[in-house]
Asker: 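Sharing a structure below in structure tokens format, with a few things to ask.
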Amino acid sequence: MSDLKKLTPLPAEFYRRNTLEVAMDLLGKVIVRIYRNQMLNVMITETEAYIGDHDPACHSYKKFTERNRIMYEQGGKVYIYFIYGNYYCFNIVTGQKGEGNAVLIRSGKPLAGIEKMNNLRGHVKNIHDLTNGPGKLCMALGIDQKFYGDDVTEKKKIFITASKGLKSFTACSSRRIGLNKGEHLPYRFFIKDNPYVTLHKFNREIISETKIKL
DNA sequence: GACAAGATTAGCT
DNA sequence: GCTAATCTTGTCT
């Protein structure tokens, strides 16, 4: 990846749109994480949308709590939660203030700082397993609860920047992984035939395909 | 205070 | 494919 000085965060307007559009448009974008003066880069390959208004799987569905309060802020804020006693999940709030929407960043392709990420993960055998899951991604990027409420439109410890080098790909949608509610909704998005995506049978149950040209 | 559920993962069969 | 590990959060008493 290129020089940090040349990288610009995607603007707030990018996130303050329809959550499903943002979830699909985040595919191919690059996470920039500054970890102890070293830059780590991961290209986003898989996302899931969560929409407070009508989505029973969403943490902000019909209720405001201490945990989900950041989801009601304007798009661009970071929502982190701790799950199953071990893992963090990294979400970006979308839409307008008061809506309660977010996109979960599920997987990515490591681009730079791979050795550091592998150290943080505890040395995986296959590079494909480095960041192909929401818990793994957070571990590899050193993301924890401290990032709750940060803003990815600011050029600080973590932000998202435009795709580099990727010309075109096919975006697929499927049901979301690991849910007991709202599992029928086609709110998961991933890059077709990309090896850095969660291994799951839903990868073979594609609901829609969209050709993307950058 | 107690208790059940959970947007996961690694490891084993 | 199946399951244990592990603990925060939300909800109820």
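Letters A, B, ... are given to chains in the order of the sequence lines, protein chains preceding strands, and every chain is numbered from 1.
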Asker: What is the distance, rounded to the nearest whole Å, between atom CG of A/L199 and atom P of B/dT8?
Answerer: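 It is 14 Å, rounded to the nearest whole Å.
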Asker: Does the cation-pi check pass for A/R106 over A/F189, that is, NZ or CZ under 6.0 Å from the six-membered ring centre and within 45° of its axis?
Answerer: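 That pair does not qualify as a cation-pi contact.
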Asker: Is A/R188 near enough to B/dA7 that one of its side-chain N or O atoms lies under 4.0 angstrom from OP1 or OP2?
Answerer: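 No, A/R188 has no side-chain N/O under 4.0 Å of OP1/OP2 on B/dA7.
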Asker: Distance check needed: C/dC2 C1' versus A/H200 NE2, whole Å only.
Answerer: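 Going from A/H200 (NE2) to C/dC2 (C1'), I get 13 Å.
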Asker: Rounded to the Å, how far apart are A/I80 CD1 and B/dA7 P?
Answerer: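 Answer to the nearest Å: 15 Å.
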Asker: NA contact type, A/R176, heavy-atom cut-off 4.0 Å: base, sugar-phosphate, or nothing?
Answerer: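 No contact.
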Asker: Given that A/Q145 and A/Y84 both sit by DNA chain C, which one's nearest nucleotide is further toward the 5' end?
Answerer: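 Whichever sits nearer the 5' end wins; that is A/Y84.
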Asker: Hey, is A/Y50 stacking on B/dA7? Ring centres under 5.5 Å, planes under 30°.
Answerer: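 Stacking is present between B/dA7 and A/Y50, given that their ring centres fall under 5.5 Å apart and the planes under 30°.
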Asker: Counting just side-chain N and O atoms, does A/R121 come under 4.0 Å of either OP1 or OP2 of B/dA10?
Answerer: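 Yes, within the criterion.
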Asker: Is the base of B/dA7 touched by the side chain of A/Y81 through a donor-acceptor pair closer than 3.5 angstrom?
Answerer: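 Side chain to base: pair present.
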Asker: For C/dT6, what is the paired nucleotide under Watson-Crick or G-U wobble rules, both distances under 3.5 Å?
Answerer: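 The answer is none; no pair meets the criterion.
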Asker: On the six-membered ring of A/F190, is A/R188 placed so that its NZ or CZ lies under 6.0 angstrom from the centre and within 45° of the ring axis?
Answerer: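 Output yes; distance and angle both within limits.
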Asker: Using a heavy-atom cut-off of 4.0 Å across all strands, would you classify A/N91 as base, sugar-phosphate, or nothing?
Answerer: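 Result for A/N91 = base.
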Asker: NA contact type, A/F82, heavy-atom cut-off 4.0 Å: base, sugar-phosphate, or nothing?
Answerer: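 Touches sugar-phosphate only.
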Asker: Determine: side-chain N/O of A/K201 to OP1/OP2 of C/dG1, distance under 4.0 Å, yes or no.
Answerer: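 For C/dG1, OP1/OP2 do not have a side-chain N/O of A/K201 under 4.0 Å.
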Asker: Does atom NZ (A/K157) have a neighbourhood of more than 12 heavy atoms from anything else shown, all under 6.0 Å?
Answerer: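 No, not enclosed.
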Asker: Output the rounded distance in Å from CZ (A/R204) to C1' (C/dG1).
Answerer: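 After rounding, the reported distance stands at 12 Å.
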Asker: Would you indicate whether the side-chain heavy atoms of A/Q74 and A/R16 approach each other to under 4.5 Å?
Answerer: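 They are in contact (side-chain heavy atoms under 4.5 Å apart), so the answer is yes.
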Asker: Rounded to whole Å, please give me the gap between CG in A/N132 and P in B/dT9.
Answerer: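 Roughly 8 Å, once rounded to whole Å.
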Asker: For the pair made of NZ in A/K63 and C1' in B/dA5, what is the distance, rounded to whole Å?
Answerer: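 Going from A/K63 (NZ) to B/dA5 (C1'), I get 11 Å.
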Asker: Counting heavy atoms from C-beta on, name the nucleotide in B/dA7, C/dA5, C/dT11 closest to the side chain of A/R106.
Answerer: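 Side chain of A/R106 sits closest to B/dA7.
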Asker: Using heavy atoms to find the nearest nucleotide of DNA chain B for A/V124 and A/A57 separately, return the residue whose nucleotide is more 5′.
Answerer: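 It is A/A57, whose closest nucleotide lies nearer the 5' terminus.
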Asker: Starting at CD of A/E66 and ending at C1' of C/dT8, how long is that distance when rounded to a whole Å?
Answerer: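 Those two atoms, CD and C1', are 13 Å apart.
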Asker: With a 4.0 Å cut-off on N to O distance, would you call A/R175 and A/E183 a salt bridge?
Answerer: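 Salt bridge flag = no for A/E183 with A/R175.
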Asker: Return the value, rounded to whole Å, for the distance between atom CG of A/L179 and atom C1' of B/dT8.
Answerer: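 It is 12 Å, rounded to the nearest whole Å.
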